[in-house]
Amino acid sequence: MTVRSIHVDAAPAEDFAPSPDRVVRGAPRGETRNAYESADGRKYFGEWSCGEGAWRVSYSEWEYCRIVEGHVRLTGDDGTIAEAGPDGNLVIEPGFEGIWENLTPVRKLYVIDLGPLTESAD
């Protein structure tokens, strides 16, 4: 199948909380509804929601997200800042390291691409 209709609300909810050692502010908690996974397990689509708070992130994957509700700020370790509110879009490249901050409770739709599978050097 090369096209399908996806209903995020039908996907099972999984609890989300950043690792306690990564939390910078608050006690953010939420859920992820992963509604699509490619056959090779390298691409995902779904919905994520989380309360206010801030935590450290380190991206090895590529992610597009559409903020449906709330307001987020990403502050890179290099000093760059990106913000998005309702109907805003973010693209996060592999290698981004910094702080993800939910300034309000947030709900986003996401597409994640883990990139090509690389062989490990044994």
Side-chain angles (χ1 to χ4, degrees):
M1 178 183 289
T2 58
V3 66
R4 69 180 74 176
S5 177
I6 299 172
H7 300 279
V8 174
D9 55 343
E14 297 178 22
D15 290 339
F16 166 81
S19 176
D21 64 327
R22 293 182 133 335
V23 173
V24 174
R25 180 180 62 77
R29 299 280 182 274
E31 67 179 29
T32 301
R33 291 181 179 272
N34 199 52
Y36 169 83
E37 180 178 340
S38 63
D40 64 1
R42 308 295 295 168
K43 296 173 182 66
Y44 299 89
F45 165 74
E47 182 179 79
W48 174 88
S49 60
C50 185
E52 290 183 47
W55 59 96
R56 289 207 50 79
V57 293
S58 178
Y59 274 71
S60 59
E61 68 275 18
W62 178 95
E63 180 178 353
Y64 162 78
C65 44
R66 171 94 170 163
I67 305 302
V68 178
E69 296 173 358
H71 194 101
V72 301
R73 176 186 301 134
L74 279 70
T75 304
D77 288 345
D78 63 0
T80 58
I81 297 174
E83 293 191 24
D87 296 327
N89 303 288
L90 293 169
V91 172
I92 306 163
E93 298 279 348
F96 173 78
E97 293 190 2
I99 305 290
W100 178 291
E101 183 175 11
N102 284 354
L103 301 170
T104 65
V106 170
R107 186 167 62 96
K108 72 175 184 177
L109 297 173
Y110 63 82
V111 176
I112 294 173
D113 186 344
L114 300 178
L117 186 61
T118 58
E119 294 183 32
S120 61
D122 291 332

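Counting begins at 1 with the first residue of the sequence.
No donor-acceptor pair under 3.5 Å is formed between the side chain of Thr75 and the backbone N or O of Ile99.
Closest of all the heavy-atom pairs between Pro18 and Pro28 is CD-O, 3.5 Å. The minimum heavy-atom distance linking His71 with Gly85 is given by the pair ND1-CA, 3.8 Å. Heavy atoms only, all atoms of each residue included: Tyr110 and Arg33 are closest at OH-O, 3.8 Å. For Ser60 against Pro94, the heavy-atom pair with the smallest separation is O-CB, 3.5 Å. The two residues Leu90 and Ala84 make their nearest non-hydrogen contact at CG-CB, 3.9 Å.
Identified under the side-chain hydrogen bond (donor to acceptor under 3.5 Å, both in side chains) test for residues 46-55, with sequence neighbours left out: Glu47-Arg107.
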query = Is there a side chain to side chain contact (heavy atoms under 4.5 Å, CB included) between Ile92 and Leu74 once you walk through the steps?
reply = CA-CA 9 Å; Ile92 306 163; Leu74 279 70; 3.7 Å; yes
request  = Mind running side chain to side chain contact (heavy atoms under 4.5 Å, CB included) on Glu83 and Ile67 for me, showing each step along the way?
outcome  = CA-CA 10 Å; Glu83 293 191 24; Ile67 305 302; over 6 Å; no
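Annotation: the span from Ile6 atom CD1 to Arg4 atom CZ amounts to 6.0 Å, rounded to 0.5 Å. With values rounded to the nearest 0.5 angstrom, Arg42 atom CZ is found 10.5 Å from Glu37 atom CD. With rounding to the nearest 0.5 angstrom, the CZ atom of Arg73 is 11.0 Å from the CG atom of Asn102. Rounding to the nearest 0.5 angstrom, the gap separating the OG atom in Ser19 from the CZ atom in Arg56 is 12.5 Å.
Taking hydrophobic clusters as Ile, Leu, Val, Met, Phe, Trp and Tyr residues chained together by side-chain heavy-atom distances below 4.5 Å, Trp100 does not share a cluster with Ile81. In terms of hydrophobic clustering, with Ile, Leu, Val, Met, Phe, Trp and Tyr side chains grouped at heavy-atom distances under 4.5 Å, Val68 and Phe45 are assigned to a common cluster. Transitive grouping of hydrophobic side chains (ILVMFWY, heavy atoms separated by less than 4.5 Å) brings Phe16 and Val72 into a common cluster. Tracing side-chain contacts under 4.5 Å through hydrophobic residues (I, L, V, M, F, W, Y), one reaches Tyr44 starting from Val106; they form part of the same cluster. Tyr36 and Leu114 fall into different hydrophobic clusters, where Ile, Leu, Val, Met, Phe, Trp and Tyr residues are linked whenever their side-chain heavy atoms come under 4.5 Å apart, directly or through other members.
By the ring pair (Phe, Tyr, Trp, His ring centres under 6.0 Å) test, Trp62 is found to be paired with no residue, residues two or more places apart in sequence or in another chain being considered.
Between the side chains of Thr32 and Asn34, not a single donor N or O lies within less than 3.5 Å of an accepting N or O.
Taking a 6.0 Å sphere around CG of Asp15, one finds it holds 12 or fewer heavy atoms contributed by other residues, nucleotides or ligands.
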